[in-house]
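The structure appears right after this line, and notes come after that.
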Amino acid sequence: KNEVEQSPQNLTAQEGEFITINCSYSVGISALHWLQQHPGGGIVSLFMLSSGKKKHGRLIATINIQEKHSSLHITASHPRDSAVYICAVPPFKGGGADGLTFGKGTHLIIQP
Amino acid sequence: DTAVSQTPKYLVTQMGNDKSIKCEQNLGHDTMYWYKQDSKKFLKIMFSYNNKELIINETVPNRFSPKSPDKAHLNLHINSLELGDSAVYFCASSQGSGGATQYFGPGTRLLVL
């Protein structure tokens with residue numbers, strides 16, 4: 001079973017700061033997911049990436065497959081970025097439907 | 001239009017009761033999932049269905065049973081509810097395997113008294 005570790009667990013920063021959240025996993029994967037859970041509870045998929053880097057607005061996700069490590073960066077952070085960010089991986093299999101294994105999440109608070 | 005919907009949003013019930021949570025997706029996806037989020041906010045896979053076939057059952061008690069009347073629906077039935085079943089249950093869907101982007105429903109908050 002894949003073990004997913006995230007750090008930090010909690011992060012409080014000032015508006016405008018550059019944020020980095022890290023994720024490492026134990027077994028090779030086909031892709032890695034970054035999810036955002038809003039304070040209201042809804043879960044949104046931010047990125048799914050299998051190599052390199054992806055960017056969406058102020059969010060950047062990178063992955064190093066060899067090192068089994070991914071990072072999520074937020075540039076020019078804003079209070080509306082306050083949420084729980086969750087890293088998740090599928091089992092490494094050839095096919096079929098597989099549920100995600102989740103990290104414990106990083107609770108991010110951006111103060112004005 | 002909501003992509004993945006769940007009903008009810010909140011469910012409060014007594015121990016020992018039987019309850020169901022419904023999930024529907026209008027994305028045309030072939031795979032649906034049920035996840036449980038415990039009191040510590042940790043998410044864990046319960047079931048996945050691909051083309052009406054159960055693919056995963058992650059050490060979930062057999063009091064929990066997923067039922068899929070068609071590709072767009074995956075309902076969760078829970079028999080003999082216990083206090084420890086209190087959690088938030090999320091339905092999700094994707095097209096293809098777990099490597100595909102998953103779309104989550106809003107969650108159902110279950111409280112067993």
Linking I/L/V/M/F/W/Y whenever their side-chain heavy atoms sit closer than 4.5 Å, directly or via other members, would Tyr35(B) and Val4(B) fall into one cluster?
no
Distance (rounded to the nearest 0.5 Å) between Lys41(B) NZ and His107(A) NE2:
9.0 Å
Find the distance between CD (Gln37(B)) and CZ (Phe102(A)) and round it off to the nearest 0.5 Å.
9.0 Å
Backbone N or O of Val44(A) within a donor-acceptor pair of the Tyr103(B) side chain at under 3.5 Å?
no
When rounded to the nearest 0.5 Å, the distance separating CG of Leu43(B) from OG1 of Thr101(A) is 11.0 Å
Leu110(B)-Met15(B) co-clustered via ILVMFWY side chain contacts under 4.5 Å:
yes
By a 4.5 Å heavy-atom criterion (distance strictly below it), what part of Phe90(B) contacts chain A: side chain, backbone, both, or neither?
side chain
Could you walk me through whether Leu100(A) and Ile45(B) pass the side-chain contact (heavy atoms from CB on, under 4.5 Å) test, one step at a time?
CA-CA 6 Å; Leu100(A) 297 173; Ile45(B) 180 70; over 6 Å; no
In short, Gln102(B) meets Ser45(A) closest at the heavy-atom pair O-CB, 3.6 Å
Would Met32(B) and Leu54(B) show up in the same hydrophobic cluster when neighbours are defined by side-chain heavy atoms closer than 4.5 Å?
yes
May I ask whether Ile21(B) and Leu113(B) are part of the same hydrophobic cluster, defined by side-chain heavy atoms of I, L, V, M, F, W, Y residues being less than 4.5 angstrom apart, directly or through others?
no
Side-chain heavy atoms under 4.5 Å apart, restricted to Ile/Leu/Val/Met/Phe/Trp/Tyr: what other residues fall into the cluster of Phe18(A), or is it alone?
none
If Ile, Leu, Val, Met, Phe, Trp and Tyr residues are connected whenever their side-chain heavy atoms lie under 4.5 Å apart, and connections chain through other members, are Leu35(A) and Val84(A) in the same group?
yes
